[in-house]
*Asks:* 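Encoded as structure tokens, here's the structure I'll be asking about.
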Amino acid sequence: MPSRSQEKRETVDLRTAYRDAGCGQLNASWIEREVSVSGWVHRRRDLGGLFFVDLRDRTGILQLSFGPEWSDQAVLDLVEQLNPEDVIRATGIVCQRPDPNLEMLTGEVEIQVDTLERLAVSDPLPILVYQPPDEDLPSEELRLRHRVLDLRRPEMQHNLRMRHLATSATRASLAEQGFVEIETPMLTRQTPEGARDYLVPSRTHNRRFYALPQSPQLYKQLLICGGFDRYFQIAKCLRDEDLRADRQPEFTQIDVEMAFVDQDDVFKVAETMLQRIWHDGLGSSVSAPFERLPYAEALERFGTDKPDLRISWELSDFTHTLTDIGFGIFDAVVAADGRVRGIVVKGGTVLSRSRINHYDELAQEVGAKGVIWLKRAESGWSGPLAKVVGEETSAELEGTHGVEEGDLVFLVAGRDEETAPALDLIRRRVARELDAIDEDQDRWLWITEFPLFHKDPETGLPVHAQHAFTMPVDPDPKLIHEDPFSVTARAYDIVYNGMEFASGSIRCHFPEVQRAILAATGLSDEEIEARFGFLLEAFRYGVPPHGGFAVGLDRLIAVMVGSPSIRDVIAFPKTAAARGLLEQSPSEVDPSELAELGISLD
RNA sequence: GGGGCUGUAGCUCAGCCUGGUUAGAGUGCCGGUCUGUCACACCGGAGGUCGCGGGUUCGAAUCCCGUCAGCCCCGCCA
């Protein structure tokens with residue numbers, strides 16, 4: 001994980017009619033100058049005759065001091081009246097503090113105020129901007145309802161400033177690499193992604209609806225067709241699905257597309273951009289090129305297509321070692337085309353039976369039949385399998401699978417699609433419990449060679465693994481038609497410490513292959529024409545090979561600032577029920593407007 | 001759509017398991033004392049629909065049912 005960037009003193013000239021500098025900009029070099037500053041009253045300390053005000057603006061906090069020797073009585077009377085979050089302007093001489101506060105950026109100095117204006121009065125606060133130590137933040141409900149106050153907290157200021165640094169770095173890096181920023185419509189038609197659309201009724205065309213874009217996917221390909229061979233956009237995307245800590249109904253993607261490229265060209269652009277974001281935002285360097293791992297290998301070694309490589313443990317196939325040794329459960333699974341896979345947890349014997357049971361339950365929640373465990377203690381093997389572990393098996397466990405004294409083996413048997421999610425979850429959770437994640441590492445990774453299709457578990461039909469416009473490694477319409485699940489896609493993800501940050505592909509620019517891909521998911525020719533005709537038409541007039549990627553900006557920023565929730569890096573987020581608590585959205589509308597739209601409510 | 005956690009003073013929480021005085025603490029707020037604080041200190045005070053509705057009970061913040069809101073997870077969603 002990146003460390004939070006050190007707070008730096010802003011150097012920009014912030015002089016205006018109301019101030020000579022930002023509060024956080026003052027330091028010893030300003031001593032003896034007369035300055036004006038403006039901001040919010042953060043804290044006030046009344047010593048009876050002497051007053052101190054911590055004045056806050058977005059640059060930091062500065063101490064103002066008030067005393068009879070340098071402030072006249074009217075000023076002293078006014079400062080006694082000040083409430084937290086009043087907005088004031090203060091003027092006076094910058095002085096060295098007799099007893100500096102080294103914890104404050106401006107702690108060496110203070111302003112001895114001789115002129116004070118109250119620019120705005122604050123009512124008593126529903127939630128405090130000042131965050132008392134040892135006290136939890138107000139509930140998220142109240143933070144969102146009173147978001148204006150919440151945003152004033154230095155932590156939120158820092159988060160949104162980080163967001164700005166990241167988007168600025170994005171623009172700078174992509175511009176340097178020859179990309180042009182172009183906006184695409186928010187009012188569009190229903191798009192091919194799998195999510196539910198937000199719909200906007202049309203007044204001029206009753207019974208018809210615009211859809212808000214789930215992503216600019218089709219438009220960016222059209223821009224390529226339009227001759228903008230390097231496009232990007234910091235784009236709002238909207239999806240009407242249920243939310244999570246890392247999901248909002250509207251979120252932001254860094255959307256990039258480029259022509260005349262192959263995969264390596266795209267990788268270079270993305271790596272250069274992310275290096276710049278990390279450098280400008282966090283002041284840290286990212287080494288490139290990133291590691292690469294084919295999808296199939298990732299699943300085999302880690303059980304997931306977004307492995308956290310800071311955990312050194314890998315999955316291992318125990319099928320040969322643990323079958324035909326008298327353990328019927330495993331033999332039965334293998335007879336049904338399953339495998340016995342497991343993970344060797346170094347030092348795992350410290351886990352109690354109840355902890356092991358906990359992981360067993362977790363595994364079952366994600367679809368495994370259950371977990372069998374095996375401990376290697378000084379005294380020998382223990383666990384349900386121990387009695388069937390003979391000398392030969394023991395030697396194989398130690399030799400082939402590297403089990404050592406003190407280790408614990410979690411075993412899950414079944415078909416790979418049942419066992420992989422369980423093993424992945426156990427690997428991550430146990431590593432966290434045993435502190436086996438190397439937090440000093442940053443592991444950037446490209447996952448490549450995704451399958452073009454996954455099988456829909458209900459219908460058995462192919463569904464797009466990434467999206468509908470990905471180029472197969474072998475662009476053969478016949479193969480797509482006859483054996484869709486064997487087709488590998490030129491698609492890729494960026495995974496950072498186990499989190500998916502970005503996703504992209506080389507696009508399919510052969511119209512007949514594109515039709516075959518769409519047809520494979522069960523769309524008729526008519527449906528293809530109706531929904532994607534405009535893209536296929538664009539492809540008829542000369543389409544260059546092209547590809548791109550999209551980065552989930554909110555998640556990226558959340559990681560950069562160390563927040564578990566993307567709500568902390570969005571100025572005005574929605575709740576888990578997609579409500580806006582500040583503005584009370586969604587709201588009812590006037591019946592006359594509905595009538596105009598041709599909509600009646602039951 | 002399903003599961004879990006939470007809801008008590010403006011705010012953060014305790015009390016709830018095991019029902020029984022006037023529901024507490026810290027902080028904030030109001031009043032007072034205080035000339036070097038920086039979580040200022042000290043003294044005093046006000047402040048409660050225990051989310052809402054119903055039930056059980058002699059008696060409910062506490063037990064039960066429902067409901068609303070927030071959060072987390074599964075489904076869903078790249």
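A, B, ... follow the sequence lines: proteins, then strands. Residue 1 opens every chain.
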*Asks:* What is the distance, to the nearest angstrom, from the CD1 atom on A:Ile566 to the P atom on B:A78?
*Replies:* 15 Å
*Asks:* Could you give all pairs that pass the ring pair (Phe, Tyr, Trp, His ring centres under 6.0 Å) test and reach residues 41-88 of chain A, with sequence neighbours left out?
*Replies:* A:His42-A:Tyr130
*Asks:* Once you apply a heavy-atom cut-off of 4.0 Å, does A:Tyr130 come out as touching a base, just sugar-phosphate, or nothing?
*Replies:* sugar-phosphate
*Asks:* Take atom CD1 of A:Ile61 and atom C1' of B:U37, then tell me their distance rounded to the nearest Å.
*Replies:* 15 Å
*Asks:* Closer than 4.0 Å, any side-chain N/O of A:Arg145 to the OP1 or OP2 of B:A69?
*Replies:* no
*Asks:* What is the distance, to the nearest angstrom, from the CG atom on A:Asn83 to the P atom on B:C30?
*Replies:* 7 Å
*Asks:* To the nearest angstrom, how far is A:Phe52 atom CZ from B:A39 atom C1'?
*Replies:* 15 Å
*Asks:* When you measure from the side-chain N and O atoms of A:Arg244 to the phosphate of B:C77, is any distance below 4.0 Å, counting only OP1 and OP2?
*Replies:* no
*Asks:* Roughly, in whole Å, what's the span from CG in A:Asp240 to P in B:A78?
*Replies:* 12 Å
*Asks:* Base, sugar-phosphate alone, or nothing: which one does A:Ala502 contact when heavy atoms must sit under 4.0 Å apart?
*Replies:* nothing
*Asks:* Looking across every strand, which nucleic acid part, if any, lies under 4.0 Å from A:Glu110 by heavy atom: base, sugar-phosphate, or nothing?
*Replies:* base
*Asks:* Checking all strands, does A:Ala577 fall into the base, sugar-phosphate, or nothing category for heavy-atom contacts under 4.0 angstrom?
*Replies:* sugar-phosphate
*Asks:* Do the charged groups of A:Asp554 and A:Arg163 touch, with an N to O distance under 4.0 Å?
*Replies:* yes
*Asks:* Using only side-chain N and O atoms of A:Gln214, determine if any of them is under 4.0 Å from OP1 or OP2 of B:A78.
*Replies:* yes
*Asks:* Indicate the ring-plane relationship of A:Phe501 and A:Tyr496, choosing parallel, tilted or perpendicular according to the 30° and 60° boundaries.
*Replies:* parallel
*Asks:* What contact category does A:Arg567 fall into here, base, sugar-phosphate, or nothing, at under 4.0 angstrom with non-hydrogen atoms?
*Replies:* sugar-phosphate
*Asks:* Is the distance from OP1 or OP2 of B:U37 to the nearest side-chain N or O of A:Arg45 less than 4.0 Å?
*Replies:* no
*Asks:* So which protein nitrogen or oxygen atoms get under 3.5 Å of nucleotides 11-17 of chain B's nitrogens or oxygens?
*Replies:*
residue, atom, partner, partner atom, Å
B:U12, OP1, A:Ser139, N, 2.5
B:U12, O4', A:Glu135, OE2, 3.3
B:C13, OP1, A:Asp136, OD2, 2.7

*Asks:* Where each residue is assigned the nucleotide of RNA chain B containing its nearest heavy atom, which of A:Asp242 and A:Pro124 is assigned the position nearer the 5′ end?
*Replies:* A:Pro124
*Asks:* So how far is it from A:Glu155 CD to A:Asp150 CG, rounded to the nearest 0.5 Å?
*Replies:* 8.5 Å
*Asks:* What's the NE2-C1' distance between A:His464 and B:C77, to the nearest Å?
*Replies:* 16 Å
*Asks:* What pairs of residues pass the salt bridge (Lys or Arg N to Asp or Glu O under 4.0 Å) test when at least one of them lies in residues 243-255 of chain A, not counting sequence neighbours?
*Replies:* A:Lys220-A:Asp255, A:Lys236-A:Glu250, A:Asp246-A:Arg555, A:Glu250-A:Lys574
*Asks:* So what does A:Gln466 touch, heavy atoms closer than 4.0 Å: a base, only the sugar-phosphate, or nothing?
*Replies:* base
*Asks:* Starting at atom CD of A:Gln248, determine the distance to atom P of B:C76, rounded to an integer number of angstrom.
*Replies:* 21 Å
*Asks:* Look at the side-chain N and O atoms of A:Ser503 and state whether any lies under 4.0 Å from the OP1 or OP2 oxygen of B:A78.
*Replies:* no
*Asks:* For the pair A:Phe267 and A:Trp446, name the ring-plane relationship: parallel under 30°, tilted 30 to 60°, perpendicular over 60°.
*Replies:* parallel
*Asks:* Could you let me know what B:A25 is paired to, Watson-Crick or G-U wobble, both distances under 3.5 Å, or none if it's on its own?
*Replies:* B:U12
*Asks:* Please report the C-alpha distance between A:Ser139 and A:Glu141 in whole Å, then the side-chain angles of each, then the deciding distance to 0.1 Å, and finally whether the side-chain hydrogen bond (donor to acceptor under 3.5 Å, both in side chains) criterion is met.
*Replies:* CA-CA 5 Å; A:Ser139 70; A:Glu141 186 174 358; 5.1 Å; no
